[in-house]
Structures are given as structure tokens and as C-alpha cells.
Chemist: 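First the structure, which I've put down as C-alpha cells, then a few questions once you've had a look.
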Amino acid sequence: MAKNLVIVESPAKAKTIEGFLGKEYTVKSSFGHVRDLPDKGISIDIENGFKPNYVVSDDKKKIVDELKKLSKAADMVWLATDEDREGEAISWHLKEALNLDDKHTKRITFNEITKTAIQKAITKPRTIDIDLVNAQQARRVLDRLVGFELSPVLWKKVKPSLSAGRVQSVAVRLIVEREREINNFQSTSFYKTVALFKVGSSVMKAELNKRFAKHEDALAFVEACKKAAFSIEDLVKKPGKKSPSAPFTTSTLQQEASRKLGFSVARTMSVAQKLYEAGHITYMRTDSVNLSETALNGAKEEITKSFGANYSNTKQYTTKSKGAQEAHEAIRPTYMNNHEAGNDAAEQRLYDLIWKRTIASQMADALLERTTVTIDVSGRNEKFIAEGEVIKFDGFLKVYMEGTDDETDDNTEGMLPPLKVGEKLNYNEISSTQRFTHHPPRYTEASLVKKLEELGIGRPSTYAPTISTVQKRNYVVKEDREGKKRQYDNILLTNGAIKEEKKEENTGAEKSKLFPTDIGMLVTDFLVQHFGYYGLWFHGKRRKRI
DNA sequence: CAGTGAGCGAGCTTCCGCTTGACTT
């Protein structure tokens, strides 16, 4: 029997660590939390200091018995659960459930799974941080009280089996409020004027720096263009750069896999889990953008070998999200020199995304040259503006470009032909087209996760389950909607003649967007009315029961 | 007389966050 028992949260992690520590150490996993409030009833003694009544969860009885036996036989038990609020609580629960005494128990933490990090952790044990444990208990108790007091009110007043809680009710409210914003949105139209100028054998596109509100003003401008002369008034070149994004966290992986691969957040997580269990990537539930020393070196080596030393720019990123607890590394390939991994197409594509994002994060900025051309229209104050962008050094763009959520028509900026100030220009065509302002976008699963993270609501392990809960309760549906036909005006000037047309386009089509249901809106209004800030104040004052 | 239906009462649902399988479909 080994002298030392090390307990971590995840079995895959246990397997890896056992290899680092040698024969004196047995490494086991708790499979997450081992104790919790029971499923039924509040189970909190509100009269006596809100004392929680914890029980060993049914699915953890076997593992707790096994850990009990192993801990009795060991000289020392090392509680090596994650270095965050929940991890500290898991260690404390293990100590309670296994009846561990202080003399034979040590608490260690590490936030990367490397041999040096583990060995260093063993030399610096500490005791359980009871303040952090209490913070977790406060979180747990509050969530139970809110969820189990509020939900039955909904059963009575609205419909059985509904639910409310600190996280899910906010998620639903965000979707409901966005839908109402969209319904109240008054779209206005304007005229966007674009010219195509002949420059040698190529064509340069330029947009007018004024948008006309009225059809008659747009028409008057295009009319004036018939006789106007066009010349280059100004030519400005400015250097620019693009920097790579930080390596993936759970939330950014979910967003990018949704944009680039069309995965739902649940799909992303289950595919990532398989890659993790096969040892291809690091832990997939993380809020950290940190990379270990070995990862940084591995990336540098790989970039230098594949692209040259001038493409390498080794750096550490700092988290932007305020609630981050950073118990793990960022999501990255375990071995940087593995360019491909995975058993099926989904795993391979997700791995490819993770590999590229990680490698790109350690590559040099892309260097650009942005050119802005101002074109004078004789007899008018408005100017046409043409913009061009030339990549001087591609840097990280060689492997990876982050996707965007933008739905606006893409203005692909390319190279501009050679030009000089004062040069006269002739147009091929000038058009003024009626465009419409957009309502704020509906949430996708991934953009909702992004919003929740910004608000500090939910954790990496709960983003995907929360999204499925609000759909399971039928508060929210994920749907495609067909667009509507819309007419718009187009004024076109070619060869000195103006042609006016009514054209038709499809607008408002949605794909895989989140829509609130009637019940979602009703429950949100009910909760806001009775349990929003003023609702709580009202009920407290009047001690009114509902 | 047999079948129907109104009315009553009991028991169930639910939170968030940490982990995987063990289940169906």
C-alpha cells in the first residue's frame, strides 16, 4: 500500500499526475463534489444560523467508501482539488466525509498539470482556507434558498414544474428584454451612396461621407454628379497592426466553435471532453488564459520550426473577466507538435481550432498599411472616401483569424491601385441605395454565454447546462425564422443617365437564435414584478404573502 | 343495478456548481 494518497477532482487528471509522482503515491479522484444538500427539501436550518444539512450524494457513496479505506491505510492524504472556491470546498467536504485529521492531511494546489508544478506543490502544502470554504457555502445556501423558495411560487401561480434561480432567471430575462427591444425598434432608412471609379485597368470603390435621410436629397446629389468633376484631394497612409486573441477559455471556445463550426455549446463541451480524456487537450472547463512554461516553449519551438523565428512572439495574456478564478490553464493542445488529433471529424475540427488559436496567440502581430483616399466632387461639399488595407507582414494571420458576430454587409478592404493627389477620376457608376438601421441582434447560445460571463453569472461548468435548462423549461426556444420581403429604392447613374428602381430584398431571417416563449415572458414579468428590487422592498415592508 | 363523474387529498416538481458514465433514443 502506498504511503501517500493524493485526491484530485478529475480521473483523467489523476492518471496523468500518478505518472509524475512515482510509487510512493496513489492518486485517486473524487469525481467532483462528494457531498451536497439533498435533492429534496430546503435542508437548511434557517432558525439556527442557516446550517446546511449535507449528505453524501447517492452516486458518490461508492467512491467515498473507497477513499475512506485508502485514506485509513495511508500515512498522508494530500487534498489536491482545484485552486478555486469550489475546489476548496470539495477538499473540506472530503476532510469531513472521510474523517481526516489535521496531522495526516495536507492541502496542495497547482494550476498546470506539469511534473515540475506538481513536485513544487508537494513541497509547499498548506491547510484548508476556511474563509474560501465559507464563501462557497454562502453561495450554495443562497442558491438553494432562492431556487427552492421561488420555484414553488411559480408552481402555484403559473404552472407546475417551473423553476427560477439566480442564473437561469437572469438568462431568460436577457432574452425576453432583447426580444422586446427588437419589437419596439423603429427602423429608419437612409441612402448610402457608393461610387466605382476607373483607375487604369482596375476599379476603386468609394463611399460618400454623408448618408442622406431623404430620397430627394440622394437624387439631387446623384443628379449633381452628372456634371461634376472628381479628383483626388488627399491621400493618407498609416501603419496599423492586428494582434492575436488570447488562448481559449470555455466561454471563448464555445463562441468560436459556434461561429466557425456551427456547434451548439453542449456539442462543443462533449467533443472537448473526449479530446481531454484522450489526452489531446488540457482541461476544457476553465476561465483562465494562462499557458504553462512548457506550453509557451512548445509553441515557440513549433512556430520557429514551421514559420521562422520572426513569427514567434512568446507572451502571457491576462484575463479580462472579473469573476475569473483561474484554477486551470487555458484550453490548449497537450503537445504543440501534434498538429492533428481526434477520432472523428468533429473532434478533429475542434482540435484544429484549439491548435491554431493557441499557436496564433504566441505569434507576432500582423503589420498593415491602411490607406485613406479623399475624393472631391466639384460643386458639392460631400467627399467620397476609399479605404484600402495592405498586409505588410502576415504574422499570426498565417494560421488563424477570429470569427465575428457581425451581420452587417462586409466591406472587404483590399489593395488600392497606385494614385496621386490631384489626379482626375472618371466613374463607372454611382449609386445611392436605400438602407435600413438594424435592430439589436437576437442572442445565439454562444452570444448568451458571452453576455453571462461579462455579467459574472454562471461558471465554465454551467454555461452549457444553463442553456439547456432554459430550453427544457420551455422558457426559450432555439429556432430558425424566415425573413420578410422588403422593398427599397435604388438610384443608379451610368453613362450620364440616371435610372431609378424599386428593388426587393429578404430581411430579418434568423438561424439558430434564441426566442422567448409566452411562458418565458410571463414568468420573467412575474419575477420582476414581485421579486425585482422594488418587489422585494414592497413585500418586505408589507410582509405580504403571495 | 351498474356505470359515470364530481370532489377530495396526497405526492411530485425546483436551485447552482463540481465531476463522469449509465442510461435511452
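Just so it is clear, the model here is predicted, and its values are computed rather than measured. Sequence lines set the chain letters: A, B, ... in the order given, protein chains first and strands last, and positions in each chain run from 1.
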Chemist: Give a yes/no verdict on a cation-pi contact between A/Arg481 and A/Phe515, requiring under 6.0 Å between NZ or CZ and the six-membered ring centre and an angle within 45° of the axis.
Modeler: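 Satisfied, under 6.0 Å and within 45°.
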Chemist: Under 4.5 Å between any side-chain heavy atoms of A/Arg85 and A/Gln325, yes or no?
Modeler: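 The answer is yes; the side chains approach within 4.5 Å.
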Chemist: Need one value for A/Arg35: base, sugar-phosphate or nothing, where a base atom within 4.0 Å counts as base even if backbone is also close, heavy atoms only.
Modeler: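 It contacts nothing in the nucleic acid.
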Chemist: Any base atoms under 4.0 Å from A/Asp82, or only sugar-phosphate, or nothing? Heavy atoms, all strands.
Modeler: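 Sugar-phosphate, backbone atoms only, no base.
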Chemist: Is the distance from OP1 or OP2 of B/dG17 to the nearest side-chain N or O of A/Arg285 less than 4.0 Å?
Modeler: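 So the side-chain polar atoms of A/Arg285 never come under 4.0 Å of the phosphate oxygens OP1 or OP2 of B/dG17.
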Chemist: Any carboxylate oxygen within less than 4.0 angstrom of a Lys/Arg side-chain nitrogen, looking at A/Asp287 and A/Arg459?
Modeler: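 Salt bridge between A/Asp287 and A/Arg459, a charged N being under 4.0 Å from a carboxylate O: yes.
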Chemist: So, OP1 or OP2 of B/dG17: does either fall under 4.0 Å of a side-chain N or O from A/Arg166?
Modeler: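 Checking A/Arg166 against B/dG17: at least one side-chain N or O falls below 4.0 Å of OP1 or OP2.
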Chemist: How is A/Ala164 classified with respect to the nucleic acid when contacts are heavy atoms under 4.0 Å: base, sugar-phosphate, or nothing?
Modeler: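 The answer is sugar-phosphate, as A/Ala164 gets under 4.0 Å only of primed atoms, P, OP1 or OP2.
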Chemist: Check every strand shown and say whether A/Val167 touches a base, only sugar-phosphate, or nothing at a heavy-atom separation below 4.0 Å.
Modeler: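 Touches sugar-phosphate only.
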Chemist: Nearest to the side chain of A/Arg140, which nucleotide is it out of B/dT20, B/dC16, B/dT14?
Modeler: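 Side chain of A/Arg140 sits closest to B/dC16.
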Chemist: For B/dT14, is there a stacking contact with A/Phe148, counting only centres under 5.5 Å and planes under 30°?
Modeler: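 It does: the ring sits over the base of B/dT14.
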Chemist: Look at all strands and tell whether A/Leu154 reaches a base, only sugar-phosphate, or nothing, counting heavy atoms closer than 4.0 Å.
Modeler: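 Contact class for A/Leu154: none.
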Chemist: Are OP1 or OP2 of B/dT20 and a side-chain N or O of A/Lys60 less than 4.0 angstrom apart?
Modeler: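 Checking A/Lys60 against B/dT20: no side-chain N or O falls below 4.0 Å of OP1 or OP2.
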Chemist: Please confirm whether the shortest side-chain N or O distance from A/Thr462 to OP1 or OP2 of B/dG17 is below 4.0 Å.
Modeler: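 Yes.
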Chemist: Counting the atoms with a prime plus P, OP1 and OP2 as sugar-phosphate, which does A/Gly458 contact under 4.0 Å by heavy atoms, base, sugar-phosphate, or nothing?
Modeler: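 Counting heavy atoms under 4.0 Å across all strands, the contact made by A/Gly458 is with sugar-phosphate only.
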Chemist: Contact class for A/Gln273 (heavy atom, under 4.0 Å): base, sugar-phosphate, or nothing?
Modeler: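 A/Gln273: backbone/sugar contact only, no base atoms under 4.0 Å.
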Chemist: Using OP1 and OP2 only, check whether a side-chain N or O of A/Arg85 sits under 4.0 Å from B/dC16.
Modeler: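 For B/dC16, neither OP1 nor OP2 has a side-chain N or O of A/Arg85 closer than 4.0 Å.
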Chemist: Over all strands shown, is A/Gly165 touching base, sugar-phosphate only, or nothing at heavy-atom distances under 4.0 angstrom?
Modeler: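 Sugar-phosphate only.
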Chemist: Between A/Arg459 and B/dC18, does any side-chain N or O lie under 4.0 Å from OP1 or OP2?
Modeler: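 Yes, because at least one side-chain N or O of A/Arg459 sits under 4.0 Å from OP1 or OP2 of B/dC18.
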Chemist: Mind checking if A/Tyr463 touches a base, just sugar-phosphate, or nothing, with heavy atoms under 4.0 Å?
Modeler: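 No contact at all - A/Tyr463 keeps every heavy atom at 4.0 Å or more from the nucleic acid.
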Chemist: Phosphate oxygens OP1/OP2 of B/dT19: is one of them under 4.0 Å from a side-chain N or O of A/Ser10?
Modeler: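 Answer no for this pair, as no side-chain N or O of A/Ser10 is under 4.0 Å from OP1 or OP2.
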Chemist: Starting from the C-alpha separation in whole Å, work towards a yes-or-no answer on ring pair (Phe, Tyr, Trp, His ring centres under 6.0 Å) for A/His280 and A/Tyr276.
Modeler: CA-CA 6 Å; A/His280 296 312; A/Tyr276 168 68; over 10 Å; no
Chemist: When you measure from the side-chain N and O atoms of A/Arg144 to the phosphate of B/dC16, is any distance below 4.0 Å, counting only OP1 and OP2?
Modeler: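 No, no such contact exists.
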Chemist: Heavy atoms from C-beta onward define the side chain here; which of B/dC18, B/dC15, B/dT13 lies closest to that of A/Ser151?
Modeler: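 So the nucleotide nearest the side chain must be B/dC15.
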Chemist: Which is it for A/Asp36 and A/Lys60 under the salt bridge (Lys or Arg N to Asp or Glu O under 4.0 Å) test, yes or no, and what are the steps along the way?
Modeler: CA-CA 10 Å; A/Asp36 191 14; A/Lys60 298 296 164 56; over 6 Å; no
Chemist: With a distance cut-off below 6.0 Å to the six-membered ring centre and an angular limit of 45° from the axis, does A/Arg178 pair with A/Tyr443 as a cation-pi contact?
Modeler: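 Flagged: A/Arg178 positioned over aromatic ring of A/Tyr443.
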Chemist: For A/Pro465, answer base if it contacts any base atom (sugar-phosphate contacts may also be present), sugar-phosphate if it contacts only those atoms, and nothing otherwise; contact means non-hydrogen atoms under 4.0 Å.
Modeler: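 Nothing, no nucleic acid heavy atom in range.
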Chemist: Under 4.0 Å from OP1 or OP2 of B/dC15: is there any side-chain N or O of A/Gln168 that close?
Modeler: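 Result: yes.
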